[in-house]
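This report refers to the structure that appears directly beneath it.
The sequence lines fix the lettering, A, B, ..., with proteins before strands; numbering per chain opens at 1. These numbers were taken from a predicted model, which means no experiment stands behind them.
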Number of protein chains: 2
Amino acid sequence: MPTIQDVALHAKVSVSTVSNVLNGRTDRMRAETLARVEAAIAELQFRPSKLAQQLKTGQTPLLGLLVPSMTNPMYGYIAREIESYAQEHFGYRLLIGSTYRDRDKESAFFEDLSAQGVRRVIVISSLADERHFESAVERGMTVVSYDRGATPGKLSRVGHVMPDNFEAARIATRHLISHGHERLAFATVAGMTMSRSAKIDGFHAAAEEAGLKGKVLDGGPLDEYGDAVIAEVGRATAHQIAALGQRPTGIVALNDLMAMGLMAGLRETGLEVPRDVSVVGIDGLYLSGLSNPGLTTVPLPVKTMARAMVERAMRADAPPESAESDQVFAPEPLVQRESVAAPPDRQRAARVPEEGTAS
Amino acid sequence: MPTIQDVALHAKVSVSTVSNVLNGRTDRMRAETLARVEAAIAELQFRPSKLAQQLKTGQTPLLGLLVPSMTNPMYGYIAREIESYAQEHFGYRLLIGSTYRDRDKESAFFEDLSAQGVRRVIVISSLADERHFESAVERGMTVVSYDRGATPGKLSRVGHVMPDNFEAARIATRHLISHGHERLAFATVAGMTMSRSAKIDGFHAAAEEAGLKGKVLDGGPLDEYGDAVIAEVGRATAHQIAALGQRPTGIVALNDLMAMGLMAGLRETGLEVPRDVSVVGIDGLYLSGLSNPGLTTVPLPVKTMARAMVERAMRADAPPESAESDQVFAPEPLVQRESVAAPPDRQRAARVPEEGTAS
DNA sequence: ATGAAAGCGCTAACAT
DNA sequence: ATGTTAGCGCTTTCAT
């Protein structure tokens with residue numbers, strides 16, 4: 001690899017002149033000099049070492065991204081949007097890390113990033129507190145956290161970007177109600193996070209509006225399962241539902257993946273969606289359009305949020321006020337597919353023929 | 001951020017002593033000195049700058065990973081396995097890039113990696129040739145390529161790791177044949193890659209074994225579609241199939257995602273899986289276990305391959321012989337689910353009851 | 001308009 | 001056993 005020295009020699013100028021052209025200070029030199037330098041650069045195929053630049057400037061064009069798991073399609077989706085926005089608009093690449101919701105792994109990642117010279121990171125974490133990376137912020141990192149608000153009462157220099165989870169769940173629930181459902185359930189996993197409780201609140205709010213009382217179903221912990229994680233919890237929940245005396249007829253799932261697991265599980269127990277039970281998801285994964293029956297879901301504005309996170313991470317210099325830096329994004333309009341119908345006791349009117357329903 | 005200087009001062013030793021403890025050369029000093037240094041490090045919370053280390057040693061603990069798209073669950077899966085193996089066994093982090101199968105994006109990524117000091121990269125590319133990164137190899141990068149063999153005849157210093165695509169497709173096809181299918185089709189996308197042609201060959205081989213003649217269905221190009229890409233092509237293929245006079249009864253899909261799209265599309269046309277047509281996928285995504293009907297598929301040994309790729313990328317020093325560096329991995333045993341049944345004309349025996357089939 | 005030189009935070013000879 | 005020092009490849013004053 002040629003260095004700036006080589007170029008200088010080759011162009012018969014000093015390294016500072018080369019550096020100047022590298023940094024666009026071309027006004028400080030004769031056109032002829034510039035031409036020589038550029039020729040040398042081209043000829044040697046010289047690419048300045050970011051490493052050396054970083055050491056000098058303290059800036060590295062790398063964005064850290066912390067996700068619970070890349071295998072989760074939702075995180076893959078978010079990661080993709082973050083990546084392309086950061087790349088296209090700022091020339092930043094992504095340094096990614098999966099944490100499997102483990103605090104030590106998260107901390108270790110922050111350590112590494114910091115040692116690596118990375119100053120901007122986006123975190124998707126479901127861990128309750130963010131103390132373990134508050135320290136990173138204090139050391140000068142800009143961090144933006146997804147799907148959680150600032151800890152109430154605590155000042156924080158961490159940026160927060162999230163969907164309006166309350167509203168998303170409320171929309172999903174209302175959809176069920178508008179189809180006549182009265183026995184409502186919300187399928188979630190064990191462990192409360194801000195986003196989960198917001199969804200649950202939204203679910204209850206919608207139920208109450210209609211004078212109904214919703215039930216929250218906890219499918220169990222996430223970590224016991226390998227990969228399919230959330231989907232497996234959904235599957236477990238389905239079996240739990242099947243065993244219930246008074247079965248709910250309308251279910252809002254924590255997210256699309258869980259909904260898909262739920263539908264698979266329901267099928268295993270002989271229950272049919274949407275004939276016996278209706279299901280609504282939240283997220284808007286394209287995969288949900290592939291399921292059978294197609295999953296009705298409330299899409300989250302992933303692109304917009306990804307953009308907001310990158311912007312926030314980049315424009316670090318903005319007023320680092322306290323908690324007011326939270327940004328909440330409204331969900332997109334519900335996408336209606338085939339996983340919702342009237343509850344069983346209201347279906348006499350038009351017991352849909354084979355094809356109209358599911359398979 | 002404290003530097004090695006600060007630590008030296010704090011411990012009242014020279015920087016080289018600190019450097020020595022950092023690099024495990026602790027035998028060269030008195031235990032007492034070591035203790036002082038360690039204390040200083042702890043107290044100052046000193047983390048050596050990888051940046052500076054890299055500049056000095058030319059080694060950066062970063063592994064480049066080039067994927068067509070993170071949103072594709074298969075790549076997400078592979079990326080995850082690569083990440084954890086590289087992290088756990090070598091302390092490497094992942095610098096990831098999506099290329100959307102674009103040559104310029106791939107080249108740009110290599111440029112960036114190289115400037116970033118990254119010397120090891122794993123590439124998942126479906127582009128026909130690998131000339132654009134052969135040059136990276138010549139500049140000293142170690143690159144391992146997934147799902148393609150060395151270009152025949154051409155020497156290459158690029159490592160190659162891939163599944164036995166021929167065998168995978170053959171297994172899938174035989175499975176269909178063993179269920180009595182005689183009108184066989186292979187659903188693929190436009191554009192031939194090594195892995196796609198290997199699968200097609202395997203498909204034909206299995207058909208011929210049985211004295212049958214398989215048909216290859218091309219669902220169209222990948223790039224027209226946004227995200228759901230392959231699944232959408234599958235969907236298109238389904239509509240194409242429905243319009244056919246002599247419909248195939250057994251279809252092998254290029255991969256699971258395409259199979260899922262195919263099943264969704266089939267459903268749209270009123271065709272039922274597996275009653276009217278049977279479908280087999282290749283990959284073994286956990287999502288395929290969630291589909292309805294559950295997708296029968298030939299799983300690829302992702303974990304093993306990920307491991308092999310990382311090892312190859314790390315142990316760069318191994319004999320950089322010519323093409324013989326290819327590593328091919330056998331698929332895992334076919335996972336039987338519900339997407340395959342006897343062809344329609346053989347089903348009179350036991351026309352399966354509602355539940356046994358699909359919904 | 002151009003060049004010399006002092007680092008950025010480390011590592012690794014090479015002293016002592 | 002410990003310290004001195006010369007870089008790694010760049011950026012950036014400050015001279016000339």
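At a non-hydrogen distance threshold of 4.0 Å, Thr33(A), Leu55(A), Lys56(A) from residues 33-62 of chain A come into contact with DNA chain C.
Residue-level contact check: Arg30(A) touches the backbone only, with heavy atoms under 4.0 Å from sugar-phosphate atoms and none from bases.
For the pair Gln116(A) CD and dC8(C) C1', the computed distance is 16 Å after rounding to whole Å. For the pair Asn20(A) CG and dC10(D) C1', the interatomic distance rounds to 12 Å; values are reported in whole Å. Between Arg25(B) atom CZ and dC14(C) atom P there is a gap of 14 Å when expressed in whole angstrom units. Here the P atom of nucleotide dT2(D) and the CG atom of Asn23(B) are 17 Å apart, to the nearest Å. Following rounding to the nearest Å, Arg28(A) (CZ) and dG3(C) (P) show an atom-to-atom distance of 13 Å. Atom CG in Asp6(A) sits roughly 13 Å away from atom C1' in dC10(D) (whole-Å rounding). Per the geometry, CG belonging to Leu9(B) stands 15 Å off C1' belonging to dT2(D), to the nearest Å. Put simply, CG on Asp27(B) is 11 Å from C1' on dA1(D), counting in whole angstrom units.
Taking OG of Ser98(B) as the start and CD of Glu81(A) as the end, the distance is 10.0 Å to the nearest 0.5 Å. Ser16(B) OG to Arg25(B) CZ: the interatomic distance, rounded to the nearest 0.5 Å, is 9.5 Å.
The two residues Ile78(A) and Ala306(A) make their nearest non-hydrogen contact at O-CB, 4.4 Å. What you find for Ala11(B) and Val37(B) is that their closest heavy atoms are CB-CA, 3.9 Å. Pairing each heavy atom of Leu44(B) with each of Pro2(B), the nearest pair is O-CG, 3.3 Å.
Side-chain atoms of Ser16(B) lie closest to dA13(C) of the nucleotides dA13(C), dA5(C), dA1(D). Side-chain proximity of Val15(B) to dT2(C), dT11(C), dT2(D): nearest is dT11(C).
The environment of Glu111(B) atom CD is dense: over 12 non-hydrogen atoms of other residues, nucleotides or ligands sit within 6.0 angstrom.
For dT11(C), the OP1/OP2 oxygens have a side-chain nitrogen or oxygen of Ser19(B) closer than 4.0 Å. Phosphate proximity of dG9(D) to Thr3(A): absent, as no side-chain N or O sits under 4.0 Å from OP1 or OP2.
Between Glu311(B) and Arg307(B), none of the side-chain N atoms (NZ, or NE/NH1/NH2) sits under 4.0 Å from a carboxylate O, so this pair counts as no salt bridge.
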